[in-house]
Amino acid sequence: MKTYIKDLSTHKDSVVTLQGWVQNKRESKALIFIILRDGSGFCQCIADLAVLGDIKFAEASKLGQESSISITGKVVEDTRQIGGFEIHVQSIDIVQNCADYPIANKEHGIEFLMDQRHLWLRSKRQWAIMRVRNTVIFSIHKFFQKEGFVQMDAPIFTGNAAEGTTDLFETDFYGQPAYLSQSGQLYGEAMAMAMGKIYTFGPTFRSEKSKTRRHLSEFWMIEPEMAFHDIYDNMDCIEDFVRYVVKEVLENCKVELELLERDTTILEKTVEPFIRLTYDNAVAIIKGEQEVEGQTTIAVLEQDLADTKANIASLKADIAEREEKIAAGGMKKGQVNFNLNTIDKNKNQIKQLEEDERNIPQWLDSAKNFTYGEDFGGSDETVLTRMFDVPVMVYDWPHEVKAFYLKRNPENPRFARGVDMLAPEGYGEVVGGGERETNEQMLIEKINEHKLPMEVFEWYLDLRRFGSVPHAGFGLGLERLIAWICKLPHVRETIPFPRMYGRLNP
Ligand code: 4AD
Ligand code: MG
C-alpha cells in the first residue's frame with residue numbers, strides 16, 4: 001500500500017516509502033534536508049552521509065529542485081515541522097533528476113509566474129489555494145444536497161443573453177450565431193418549476209476587455225433557483241450557504257490557510273448575522289451621510305490612508321536596516337538568504353500598499369460624489385464593506401440598473417428585488433441574485449426595454465404562462481469567493497488555468 005504524507009501520524013516510528021518531488025533542498029557536509037511534496041502535504045526528509053554512504057549521498061546531493069524521487073525512511077515525530085513529522089532517510093530511489101527548474105525559491109514577477117502556470121501550480125502557495133478551491137467546491141455540493149436541491153447542468157451554447165448583450169462571446173453553431181453561457185439562470189428557472197429547488201454549477205463566459213482583480217473571462221458560477229421563495233427567503237439562503245462554506249474551509253483547511261498566512265478572524269465572524277441594507281440605506285452610508293457605529297466612510301478612509309502611509313514607511317525602514325546589516329558583512333550565508341527573502345517579501349507588500357495609497361483617495365472621491373440611482377462600482381463596494389466585518393447584502397435596487405428578469409417591489413415599483421452580497425475586506429460583490437418577475441406583461445416590457453429579441457424568450461415566457469409561482473435565486477462567483485476566503489489580491493490565482501483579457505496560455 002502507498003503511504004502519503006498526510007497519513008504519517010498513523011505510521012509513527014515505522015519505516016515507510018514516500019513518492020514525490022523535491023520541493024526544496026539544503027545541505028551541510030554530512031546531512032541533506034529535502035522538503036518532499038507528494039501532493040497530500042510537505043515533509044522534511046533528512047539524509048545522513050553515515051546512513052546513505054558516499055555514493056548515494058553524492059547522488060542525493062545532486063538532486064535539483066522538482067526532481068522526482070522515492071524515499072524510504074523512519075517516521076519520527078517533530079512538532080516543529082509542518083505536519084508534525086519528519087523522515088530519517090534510509091534510501092532514496094531517483095525517478096528523474098532534473099536541473100534548472102524555471103521557478104526558483106525566490107520572488108518572481110507575476111507575468112513570469114503566469115507564463116509558468118503549469119509549473120507554478122506546484123508551489124506551496126498554489127497548492128494551498130487549489131486545495132481550498134477543492135474544499136469550497138465539495139462543500140457547495142454538500143450544502144445544496146443536504147438542503148434537498150437537485151443539481152442541474154445548464155447548456156453552454158445558448159441562443160439568448162441572460163445578463164445583457166455587451167459581454168457575450170459569440171460562436172458559430174452550425175452557421176447560426178450562438179453565445180457561450182453567461183449564466184445558467186433562465187434554464188435554472190425552468191428546471192425549478194419541475195424540481196422545486198435546483199442549483200447549477202458550471203463554467204460561465206464573459207468577454208470583458210479590462211484587467212481588474214475580480215474579472216475572469218471564464219469563471220465558475222453556482223446558481224440555485226427556488227420555487228415559492230421570495231427575496232427574503234433568498235437572502236436567508238445566501239447567508240446560510242456562504243456561512244456553511246466558510247465554516248467547512250475553516251474546519252478542513254487549517255494547514256492551507258496557515259500557509260497562506262490568512263488571518264481567519266473575519267472568516268470566523270461569518271457565524272454572526274450578515275448585514276442587510278436597502279440600496280437607499282447603502283448609498284447614504286457610502287456618501288458618508290449615515291454613520292455606522294459612530295463613524296462615517298470618509299473618516300474611516302482618511303484613517304486608512306494615514307495607516308497605509310505609516311506601514312509603507314516602517315517597511316522601508318526595515319528594508320534599509322537589513323540591507324545595511326548585509327552590507328556590513330560577517331553574516332552567515334543562511335542568514336543573508338533569510339534577510340534577502342524578507343526584503344523581497346517586504347518589497348512586494350510595499351507594492352500592494354502603494355496601490356492602496358493611490359486607490360484610497362480615488363475611493364474617497366467616488367464615495368463623496370456617488371450619484372443616487374447608479375449601480376455600484378468596485379470602489380463603492382469597497383467603501384461600503386470597509387465599514388463592516390461581516391458580509392453585506394444590498395437589496396431593492398433602482399430597476400433601471402438591474403437585469404430584465406427581476407421582480408419589481410410591489411410596494412415601490414421604482415425598485416427591483418435584486419440582491420448583491422458583498423464580501424468584507426474590500427472584496428465586494430461575490431453573489432448577485434434576486435426574486436424573479438412573474439408578471440408576463442412586465443417581463444415583455446423589460447425584454448423590449450433591454451432591446452432583446454423576443455423570439456428567443458418565448459420559452460422563458462411559457463414559465464409565466466403555465467403554473468407560474470413566486471421564485472428567486474442567485475449566482476455565486478466561485479473564484480471571487482475563494483479570493484476572499486484566501487485573501488488573495490487577484491482572482492487569477494484561484495483557478496488552475498485562468499482565462500482573462502490578455503491571457504489564453506498556458
Ligand atoms: O451578478 P451576476 O452577473 O448575476 C447573474 O449572472 C445572475 N444570473 C445570477 C442569478 O441570479 N442566478 O453574476 C453572479 C456572480 C457575481 O456576483 C460574481 O461573483 C460572479 O458571478 N462574476 C464573475 N466572477 C469572475 N469574473 C467575472 N467576469 C464575473 N462576472 C460575474
Ligand atoms: Mg452582479
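Computed from a prediction, not measured in an experiment: that's the story for all the values here. Worth knowing before you read on, the calculation uses all heavy atoms, side chains too, and leaves out hydrogens, waters and symmetry mates. Numbers here simply count residues along the sequence, with the first being 1. Counting starts at 1 for both ligands and their atoms, following the listed order.
- At least one N or O atom of Val430 sits closer than 3.5 Å to an N or O atom of ligand 1.
- Looking only at heavy atoms of the protein, atom 11 (O) of ligand 1 is closest to Arg436 NH2, 3.0 Å.
- Under 4.0 angstrom from ligand 1, there are no non-hydrogen atoms of Trp220.
- Nearest residue to atom 22 (N) of ligand 1 from Phe205, Phe219, Tyr405 is Phe219 (criterion: closest heavy atom).
- Protein heavy atom at the shortest distance from atom 12 (N) of ligand 1 is Glu223 OE2, 2.7 Å.
- Close contacts between ligand 1 and Gly432 involve ligand atoms 1 (O), 9 (C), 10 (C), 11 (O), 17 (O) [criterion: under 4.0 Å to a heavy atom].
- The distance between the ring centers of Tyr179 and Phe157 does not fall below 6.0 angstrom.
- Nearest protein neighbour of atom 14 (C) of ligand 1, counting heavy atoms only, is Met221 SD, 3.3 Å.
- The closest donor-acceptor contact from the side chain of Glu225 to the backbone of Gly188 lies at 3.5 Å or more, if one exists at all.
- Under 4.0 Å from ligand 1, the heavy atoms of Glu208 that appear belong solely to its side chain.
- In this structure, Lys446 fails the cation-pi test against Tyr405, since its NZ or CZ atom is not both closer than 6.0 Å to the six-membered ring centre and inside 45 degrees of the ring normal.
- The pair Lys309-Asp356 fails the salt-bridge criterion, with no side-chain N (NZ, NE, NH1 or NH2) lying under 4.0 Å from an Asp/Glu carboxylate O.
- Counting heavy atoms closer than 4.0 Å to ligand 1, residue Val431 contributes backbone atoms (N, CA, C, O) but none from C-beta onward.
- Between Glu381 and Arg214 a salt bridge is recorded (basic side-chain N to carboxylate O distance below 4.0 Å).
- The proximity of His215 to ligand 1, defined as any non-hydrogen pair under 4.0 Å, involves the side chain as well as the backbone.
- Ring pair Trp459/Tyr187: centre-to-centre distance below 6.0 Å.
- Glu429 OE2, 2.9 Å is the protein heavy atom nearest to atom 1 (O) of ligand 1.
- The protein atom (non-hydrogen) at minimum distance from atom 3 (O) of ligand 1 is Arg206 NH1, 2.8 Å.
- With respect to Asp236 and Arg276, a salt bridge is recorded, a charged nitrogen being found less than 4.0 Å from a carboxylate O.
- Seen from the ring of Phe274, Arg243 counts as a face-on cation partner, given the 6.0 Å and 45° thresholds.
- The shortest N or O to N or O distance between Pro224 and ligand 1 is not under 3.5 Å.
- Put simply, CE on Met387 and CD1 on Ile275 are 11.0 Å apart, with the number rounded to the nearest 0.5 Å.
- Here Tyr101 and Trp21 keep their ring centres 6.0 angstrom or further from each other.
- Of all atoms in ligand 1, listed by their number and element, those nearer than 4.0 Å to a heavy atom of Gly433 are 11 (O).
- In this structure, Arg213 satisfies the cation-pi test against Tyr427, with its NZ or CZ atom closer than 6.0 Å to the six-membered ring centre and inside 45 degrees of the ring normal.
- Using 4.0 Å as the threshold, Glu225 has no heavy atom nearer than that to any atom of ligand 1.
- Looking only at protein N/O/S atoms, the ones less than 2.8 Å from the Mg ion (ligand 2) make 1 in total.
- Scanning the protein for heavy atoms near atom 18 (C) of ligand 1, the closest one is Arg480 NH1, 3.5 Å.
- Note that Arg464 lies in the cation-pi zone of Tyr460, set by a 6.0 Å cut-off to the ring centre and a 45° limit from the axis.
- Checked by atom type and distance alone, the side chain of Arg414 never pairs as donor or acceptor with a backbone atom of His399 at under 3.5 Å.
- The protein atom (non-hydrogen) at minimum distance from atom 26 (N) of ligand 1 is Leu216 N, 2.9 Å.
- Nearest protein neighbour of atom 7 (C) of ligand 1, counting heavy atoms only, is Glu163 OE2, 3.2 Å.
- Scanning for salt bridge (Lys or Arg N to Asp or Glu O under 4.0 Å) contacts around Glu258 gives an empty result, with sequence neighbours left out.
- Ring pair Phe201/His141: centre-to-centre distance below 6.0 Å.
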